[in-house]
Protein chains: 2
Amino acid sequence: MTPLAASPLTRKLSAFVALSEAELAVLARLHGRRRSFVAGRDMAHQGQSDQAAFILSAGWVCSYKIQPDGTRQIVDFQVPGDFLGLRSVLLRTSDHSFEPVVDVEAAEVLTGDLLEAFAQTPRLATAILWAASRDEAMVVEHLVGIGRREAGARMAHFLLELGSRLALVGMGSKEGYDCPLTQYHLADALGLSAVHVNRVLRQLRESGLVTFRDGHVTFHDYSGLVDLAEFDPAYLDQTGPLLK
Amino acid sequence: MTPLAASPLTRKLSAFVALSEAELAVLARLHGRRRSFVAGRDMAHQGQSDQAAFILSAGWVCSYKIQPDGTRQIVDFQVPGDFLGLRSVLLRTSDHSFEPVVDVEAAEVLTGDLLEAFAQTPRLATAILWAASRDEAMVVEHLVGIGRREAGARMAHFLLELGSRLALVGMGSKEGYDCPLTQYHLADALGLSAVHVNRVLRQLRESGLVTFRDGHVTFHDYSGLVDLAEFDPAYLDQTGPLLK
DNA sequence: CGAAACGTTGAATGGTTTCAACAAGAGTGG
DNA sequence: CCACTCTTGTTGAAACCATTCAACGTTTCG
């Protein structure tokens with residue numbers, strides 16, 4: 001019996017591991033401290049220490065780094081169901097900033113609560129760490145994309161990956177998904193100029209592959225897009241954490 | 001009293017945390033299973049599971065991903081003192097390959113031994129996890145470099161970072177260091193073509209900043225290079241793991 | 001000696017950026 | 001309610017950075 005309104009994180013983890021009632025209860029308790037953040041105002045800045053982690057339940061966040069010359073590189077996006085700042089708590093190395101792309105609802109997770117939850121339910125701990133390693137794999141794939149894919153394939157890959165992530169929490173399908181990002185976000189994430197992002201999007205649209213418009217991504221030719229991007233979701237669709 | 005011939009990893013950790021005799025002993029025991037690998041033959045392949053971790057004591061390794069179209073992106077290099085495949089053991093998500101750049105000496109670390117060591121000496125565990133988070137920060141910085149730095153600054157930043165890492169284990173200084181990488185390695189790491197790497201290196205050389213030649217990097221104008229690269233070693237020179 | 005790996009250089013091509021200008025909608029304050 | 005500004009999106013033309021192709025030199029190694 002799944003909860004009436006499972007949180008996105010619960011949904012995501014449940015897609016890979018069958019969680020017991022007790023584990024679901026602990027997970028639910030982690031969602032206790034609800035917090036809100038308004039779009040555009042950073043949740044945390046580079047160099048700030050002692051910050052909490054969050055579980056995103058609604059809204060989008062991006063984690064980025066600003067360079068001395070003012071250019072920005074977005075490292076990753078967080079969508080509902082994603083952890084945010086997990087490594088900062090576990091390992092204390094947050095040298096980037098977090099900006100809510102839209103208004104955000106999140107649960108604050110204190111270090112103590114997290115460690116306690118881990119101690120109580122090792123299987124849950126494994127599942128969460130597995131999710132963290134999945135995030136890391138995405139950063140690596142992101143690096144590969146920027147380094148070795150041309151703009152069209154890079155964009156296609158990005159839109160497909162986002163779609164897969166959202167599908168996992170019921171917010172997207174092979175038809176498309178809602179996406180509040182601006183072309184500037186895409187530019188800063190993909191290492192392109194905003195102008196070129198616009199052109200690439202037009203090409204993809206005119207090729208009948210995808211449309212990115214008015215806050216919505218629509219896949220017109222999913223498999224064609226997969227071909228263009230050479231999208232291999234192996235790094236996303238893992239067999240799940242190794243649990244006995 | 002430091003050991004007569006401290007391992008590079010011991011050296012590195014000691015630069016940030018004062019380890020007790022007992023902790024040093026545990027660390028030494030982790031170095032027990034010595035293994036050798038010859039240059040060019042992969043230590044592990046993409047998709048392979050159930051692999052051990054290694055502590056590099058001599059030689060260089062690169063971790064990379066091959067794309068369907070044959071292009072390669074090097075994600076990171078490992079130099080003596082670095083862990084290799086740590087995340088694969090802790091979290092099981094190694095979707096990239098490891099190639100020894102030169103002949104390599106490493107200590108194999110079995111999952112069980114590592115967990116046992118962690119249980120025995122929590123401070124050592126924290127120190128090692130801190131080192132892992134530092135590696136992660138380098139991958140993020142690498143992503144930023146590829147996405148938002150032009151070729152010259154990217155190369156300069158890369159050479160400087162490598163220098164800092166090597167200095168930590170006594171294998172480099174602000175004068176320079178030995179570096180067995182080929183221009184092809186640089187190209188695959190920096191997301192450039194080998195031809196352009198050659199040109200960029202020439203420019204840097206002719207500007208009197210650095211020379212990369214015959215397996216040796218020589219800094220001619222360290223601070224000039226730092227300026228060009230906008231190199232801010234904050235993500236490397238952390239205050240160390242938070243230990244009580 | 002021949003092959004293979006690495007380095008070097010030129011010329012042509014092309015993907016991307018920059019600069020510039022304009023359009024449309026949202027929000028703001030008078 | 002209407003100017004006004006700000007953000008976001010759009011498009012063209014010129015400039016530029018980087019790639020590709022091609023050729024050649026050097027060294028290493030079997």
Side-chain angles (χ1 to χ4, degrees), chain A residues 38-41 60 62 67 69-74 99-103 145-156 158 178-207 210-218 228, chain B residues 38-41 60 62 67 69-74 99-103 145-156 158 179-207 210-217 228:
Chain A
V38 298
R41 190 167 308 164
W60 293 42
C62 71
Q67 287 198 275
D69 67 358
T71 57
R72 164 167 105 153
Q73 176 65 50
I74 293 179
E99 178 198 297
V101 173
V102 292
D103 290 351
I146 291 183
R148 288 296 183 211
R149 263 190 279 266
E150 54 171 30
R154 207 184 299 178
M155 176 71 73
F158 177 79
D178 289 324
C179 173
L181 303 179
T182 68
Q183 296 185 354
Y184 289 89
H185 284 122
L186 295 180
D188 285 343
L190 301 177
L192 299 170
S193 69
V195 174
H196 201 236
V197 162
N198 186 286
R199 287 192 237 273
V200 169
L201 287 176
R202 172 156 53 126
Q203 282 171 222
L204 291 177
R205 190 186 332 128
E206 290 175 351
S207 311
V210 235
T211 298
F212 178 97
R213 189 188 280 282
D214 297 326
H216 197 83
V217 173
T218 310
L228 174 64
Chain B
V38 297
R41 189 167 307 166
W60 294 41
C62 70
Q67 287 198 278
D69 67 358
T71 57
R72 166 169 104 151
Q73 177 64 51
I74 292 179
E99 178 198 296
V101 173
V102 293
D103 289 350
I146 292 184
R148 287 296 182 212
R149 263 189 279 266
E150 52 171 33
R154 207 184 300 178
M155 176 71 74
F158 176 80
C179 174
L181 303 180
T182 68
Q183 296 185 353
Y184 291 90
H185 284 122
L186 295 180
D188 285 342
L190 301 177
L192 299 170
S193 70
V195 173
H196 200 236
V197 163
N198 185 285
R199 288 191 234 275
V200 169
L201 287 175
R202 171 155 54 125
Q203 282 172 220
L204 291 176
R205 191 188 330 128
E206 291 174 351
S207 311
V210 234
T211 298
F212 178 98
R213 191 187 280 281
D214 297 326
H216 196 83
V217 173
L228 174 63

side-chain contact (heavy atoms from CB on, under 4.5 Å) between V200(A) and R154(A): does it pass, once the steps are laid out? CA-CA 10 Å; V200(A) 169; R154(A) 207 184 299 178; over 6 Å; no
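When DNA chain C is scanned 5' to 3' for any atom under 4.0 Å from a heavy atom of chain B, the first and last hits are dC6(C) to dA11(C).
Across P100(B) and V38(B), no two heavy atoms sit closer than the pair CG-O, 3.5 Å. Contact between A156(A) and L228(A) at its shortest, heavy atoms only, is CB-CD2, 4.1 Å.
Side-chain N/O atoms of Q183(A) include none lying less than 4.0 angstrom from OP1 or OP2 on dT7(D).
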How does each nucleotide of nucleotides 12-30 of chain D score, in 5' to 3' order, for protein heavy atoms under 4.0 Å: base (B), sugar-phosphate only (S), or none (-)? BB----SBBB---------
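In this structure, CG on L204(B) lies 11.5 Å from CZ on F212(B), to the nearest 0.5 angstrom. Here CD of E99(A) is found 7.5 Å from CD1 of I74(A). Values are rounded to the nearest 0.5 Å.
In this structure, the CG atom of N198(A) is 8 Å from the P atom of dG9(D), given to the nearest Å. One can place CG of L181(A) at 10 Å from P of dG9(D), the figure rounded to the nearest angstrom.
Side-chain N or O atoms of S207(A) include one that pairs as donor or acceptor with a backbone N or O of Q203(A) at under 3.5 Å.
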Output a table of donor-acceptor pairs, distance under 3.5 Å, between side-chain atoms of residues 183-199 of chain B and any protein atom two or more places apart or on a different chain; print 'none' if there are none.
residue	atom	partner	partner atom	Å
Q183(B)	OE1	N198(B)	ND2	3.1
H185(B)	ND1	T182(B)	N	3.1
H185(B)	ND1	T182(B)	OG1	3.2
D188(B)	OD1	R148(A)	NH2	3.0
D188(B)	OD2	R72(B)	NE	2.9
S193(B)	OG	H196(B)	N	3.2

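Residues V210(A) and M155(A) fail the side-chain proximity criterion, which asks for heavy atoms closer than 4.5 Å.
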